[in-house]
Participant: 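Mind looking over this structure? Questions follow.
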Amino acid sequence: MSLIKSISGIRGTIGGRVNDNLTPLDVVKFASAFGTWLQNNKNKKDLTLIIGRDARISGQMVSSLVTATLQGLGINVIDLGLSTTPTVEIMVPELKADGGIILTASHNPKQWNALKLLNEKGEFITGENGAEVLALAESEDFNYAEVDDLGKYETRDDAFDIHIQQILDLPMVDVEAIKAKNFKVALDAVNSTGGIAIPMLLDKLGCETIKLYCEPTGHFPHNPEPLKEHLGDICELMKKENADVGVVVDPDVDRLALIDEKGEMFGEEYTLVAVADYLLKHKKGAAISNLSSSRALRDVARSHDSEYFASAVGEVNVVTLMKEKNAVIGGEGNGGIIYPDLHYGRDSLVGVALFLTHLAKENKTVSELRAGYPSYFMGKKKIELTPEIDVDAILSKMEQEYQNEDVSTVDGVKIDFENNWVHLRKSNTEPIIRIYTEAHSQEEADQLGDDIIAKIKSLI
């Protein structure tokens with residue numbers, strides 16, 4: 001099955017059969033469900049939704065279907081066209097809209113697309129709301145507007161300018177300090193909308209941009225997930241061009257990976273660590289990431305007399321805990337920066353501006369900056385189980401087995417040992433337990449994963 005319906009939206013591969021893939025009928029049904037859900041929950045007649053899309057090949061088609069469906073329900077549409085996830089999130093409250101739909105499958109390959117749903121704050125709808133939308137899609141209980149009541153349609157082409165200006169206006173972004181450095185920045189935007197937005201930002205920050213894969217054609221030149229094994233081209237370009245820093249974003253520009261002046265990965269876990277280091281130096285407060293993110297964030301927070309808290313995995317969960325703790329900074333170890341002074345969503349553009357400010361003020365190279373942080377290595381393994389095995393019972397046994405350690409059951413079971421940790425989570429879609437580990441060397445992280453797998457097998 002290549003159609004995945006979840007509380008955060010619907011995603012799938014283009015083409016194929018209805019209900020198996022993301023077909024035009026599935027797009028219309030799901031857009032109808034979200035529009036109807038909004039109408040059922042808002043005490044007003046005239047609703048407006050913001051939509052925007054990344055550059056993937058199917059984007060224009062999916063956008064047309066969503067637009068026409070919403071208008072058919074009597075909902076007004078403001079279309080940002082080619083955009084980024086954080087830009088759509090910012091424009092929803094900016095234009096006082098009732099919600100938004102982002103058309104992007106994030107880091108998935110080009111045959112995928114998705115509808116991601118936003119509330120009136122420009123934040124992802126809650127799990128409870130998502131379940132209601134899914135139920136509506138299932139029941140197909142839609143009531144479309146009559147001809148005089150169809151929704152209006154308009155386009156906006158100033159969304160990037162508004163988003164970038166809001167970043168430049170942030171007190172913690174020091175534009176003059178960055179300009180004084182004349183940074184040379186190499187950018188890999190995987191032929192999506194980061195290739196439009198990031199150079200606009202870098203230009204305002206007085207940086208020289210060396211562009212790689214910045215044409216928004218949707219033909220991704222490599223796997224679009226910003227991981228080391230996919231980024232050989234920009235690592236080479238860094239050395240060839242003597243660039244100061246490399247910036248890599250995924251197709252919808254909510255994940256930020258960095259590369260140092262030697263063409264080495266900064267480590268996507270460390271994007272958030274570096275930004276938190278800068279912010280917490282100036283304002284004490286909480287830092288938040290999820291349970292599967294690096295311990296380095298906790299170490300940096302403590303070095304600034306600040307607190308660290310971990311949420312369940314998933315952006316909605318990180319944001320909920322950030323609000324609860326009134327956090328200064330939060331995000332996910334996959335390069336997702338959430339800076340609440342701008343908005344509660346992962347945002348590579350604000351990540352770039354804050355990182356460059358930090359780099360300028362520290363007066364170090366990127367590799368020198370990275371060397372100042374605690375060094376951790378992550379392992380990711382999984383154990384496949386037969387369907388009849390009770391995964392919850394196994395996790396419960398593991399919790400008991402390690403009850404003398406620091407154990408969290410917020411999301412699966414996480415065991416914090418003195419020098420390393422392991423996080424066990426069950427998959428929602430298949431009988432497997434995902435096993436994430438972190439330690440001071442790759443060998444140690446992998447060994448811990450193997451030891452935990454052996455322990456689980458002994459309990460079955």
Side-chain angles (χ1 to χ4, degrees), residues 3-12 14 18-19 21-54 56 58-83 85 87-105 113-156 159 252:
L3 184 67
I4 300 164
K5 301 169 187 177
S6 77
I7 52 175
S8 58
I10 185 171
R11 65 191 161 103
I14 297 297
V18 175
N19 283 327
N21 302 79
L22 190 61
T23 69
L25 274 177
D26 292 294
V27 171
V28 168
K29 187 161 81 168
F30 201 71
S32 297
F34 183 52
T36 301
W37 177 81
L38 277 172
Q39 289 172 325
N40 292 346
N41 285 278
K42 295 271 182 188
N43 293 324
K44 58 189 266 198
K45 192 163 166 47
D46 221 18
L47 293 182
T48 299
L49 274 180
I50 310 290
I51 65 167
R53 61 187 175 92
D54 69 14
R56 55 188 68 231
S58 61
Q60 183 63 67
M61 176 197 75
V62 174
S63 179
S64 300
L65 289 164
V66 169
T67 299
T69 302
L70 294 172
Q71 287 182 272
L73 284 165
I75 295 172
N76 304 319
V77 175
I78 299 175
D79 185 357
L80 307 183
L82 288 173
S83 192
T85 285
T87 307
V88 179
E89 290 171 347
I90 274 181
M91 291 301 286
V92 171
E94 175 73 19
L95 299 178
K96 298 183 171 56
D98 299 290
I101 303 180
I102 308 162
L103 310 173
T104 173
N113 212 329
L115 280 67
K116 293 184 176 180
L117 311 177
L118 303 175
N119 63 21
E120 73 281 356
K121 295 177 185 165
E123 297 165 16
F124 289 117
I125 63 172
T126 65
E128 197 183 325
N129 296 160
E132 291 167 6
V133 174
L134 286 177
L136 269 171
E138 209 59 45
S139 70
E140 298 189 19
D141 185 13
F142 315 132
N143 186 16
Y144 295 101
E146 294 183 14
V147 70
D148 291 329
D149 300 320
L150 296 174
K152 301 182 190 72
Y153 174 77
E154 66 174 288
T155 59
R156 294 281 295 233
D252 71 325

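Because the structure is a prediction, the values reported are computed rather than measured.
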Participant: State, to 0.1 Å, how close L49 and D98 come at their nearest heavy-atom pair, and which atoms those are.
Facilitator: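 Of all heavy-atom pairs spanning L49 and D98, the closest is CD2-C, 4.4 Å.
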
Participant: Of all heavy-atom pairs between F30 and A137, which one has the smallest distance, and what is that distance?
Facilitator: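 What the structure gives for the nearest pair is CD1-CB, 4.3 Å.
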
Participant: Whether the S32 and Y144 side chains hold a donor-acceptor pair (N or O, under 3.5 Å, no angle test) is what I'd like checked.
Facilitator: yes

Participant: Measure the spacing between NZ of K5 and CG of L22 and express it to the nearest 0.5 Å.
Facilitator: 10.5 Å

Participant: Between atom CE of M61 and atom CG of L103, what is the distance when rounded to the nearest 0.5 Å?
Facilitator: 10.5 Å

Participant: Say whether, by atom type as modelled, one donor and one acceptor occur between the side chain of D26 and the main chain of K29 under 3.5 angstrom.
Facilitator: no

Participant: Take L117 and F124 through the test side chain to side chain contact (heavy atoms under 4.5 Å, CB included) and record every step on the way to the result.
Facilitator: CA-CA 6 Å; L117 311 177; F124 289 117; over 6 Å; no

Participant: Can you give me the closest heavy-atom contact between P93 and E89, atom names plus distance?
Facilitator: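 Heavy-atom minimum between the residues: CD-O, 3.1 Å.
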
Participant: State, to 0.1 Å, how close G52 and S83 come at their nearest heavy-atom pair, and which atoms those are.
Facilitator: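 That would be CA-CB, 4.2 Å.
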
Participant: Drop me the distance from I50's CD1 to N76's CG, to the nearest 0.5 angstrom.
Facilitator: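 One gets 10.0 Å once the value is rounded to the nearest 0.5 Å.
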
Participant: In the structure I gave you, are the side-chain heavy atoms of L73 and T36 within less than 4.5 Å of one another anywhere?
Facilitator: yes

Participant: Show the numbers, then the answer: is there a side chain to side chain contact (heavy atoms under 4.5 Å, CB included) between V133 and N129?
Facilitator: CA-CA 6 Å; V133 174; N129 296 160; 5.5 Å; no

Participant: Could you check whether any side-chain N or O of D54 sits under 3.5 Å from a backbone N or O of R56, counting only pairs where one atom can act as donor and the other as acceptor?
Facilitator: yes

Participant: K45 vs Q39, test: side chain to side chain contact (heavy atoms under 4.5 Å, CB included). Steps then yes/no.
Facilitator: CA-CA 8 Å; K45 192 163 166 47; Q39 289 172 325; over 6 Å; no

Participant: So do K116 and D252 actually touch side chain to side chain, heavy atoms under 4.5 Å?
Facilitator: yes

Participant: Would you kindly say whether D79 and Y153 are connected by a side-chain donor-acceptor distance under 3.5 Å?
Facilitator: yes

Participant: Mind checking the CG-CG spacing from N40 to L136? Nearest 0.5 Å is all I need.
Facilitator: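 N40 atom CG to L136 atom CG measures 6.0 Å (nearest 0.5 Å).
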
Participant: How many angstroms lie between atom CG of L70 and atom CG of L47, to the nearest 0.5 angstrom?
Facilitator: 10.0 Å

Participant: Could you tell me which non-hydrogen atom of I102 sits nearest to which non-hydrogen atom of T85, and how far apart they are?
Facilitator: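 For I102 versus T85, the nearest heavy atoms are CG2-OG1, 3.4 Å.
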
Participant: So for atom CD, which belongs to E146, do other residues, nucleotides or ligands contribute more than 12 heavy atoms lying within a distance under 6.0 Å?
Facilitator: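 Atom CD in E146 is not packed in, count stays at 12 or less.
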
Participant: How about K121: does its NZ atom have over 12 heavy atoms from other parts shown lying under 6.0 Å from it?
Facilitator: no

Participant: Please determine whether the number of non-hydrogen atoms from other residues, nucleotides or ligands lying under 6.0 Å from atom CG of N143 exceeds 12.
Facilitator: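 No, the 6.0 Å shell around CG holds no more than 12 heavy atoms from other groups.
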
Participant: Charged N to carboxylate O below 4.0 Å: is that the case for K96 and E120?
Facilitator: no

Participant: If you compare all heavy atoms of I14 against all heavy atoms of V62, which two are closest, and at what distance to 0.1 Å?
Facilitator: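 Looking at all heavy atoms of both residues, the shortest contact is CD1-CG2, 4.2 Å.
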
Participant: For S58 and N113, test the side chains for any donor-to-acceptor distance below 3.5 angstrom and give the result as yes or no.
Facilitator: yes

Participant: Would you compute the distance between atom CG of L95 and atom CD1 of I78 and round it to the nearest 0.5 angstrom?
Facilitator: 5.0 Å

Participant: Decide side chain to side chain contact (heavy atoms under 4.5 Å, CB included) for V66 and L115; before the verdict, give the C-alpha distance in whole Å, the side-chain angles of both, and the deciding distance to 0.1 Å.
Facilitator: CA-CA 9 Å; V66 169; L115 280 67; 3.9 Å; yes

Participant: Between the side chain of N41 and the main-chain N/O of W37, is any donor-acceptor distance below 3.5 Å?
Facilitator: yes

Participant: More than 12 non-hydrogen atoms from neighbouring residues, nucleotides or ligands closer than 6.0 Å to NZ on K152, yes or no?
Facilitator: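 No - once you tally the heavy atoms of other residues, nucleotides and ligands closer than 6.0 Å, there are 12 at most.
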
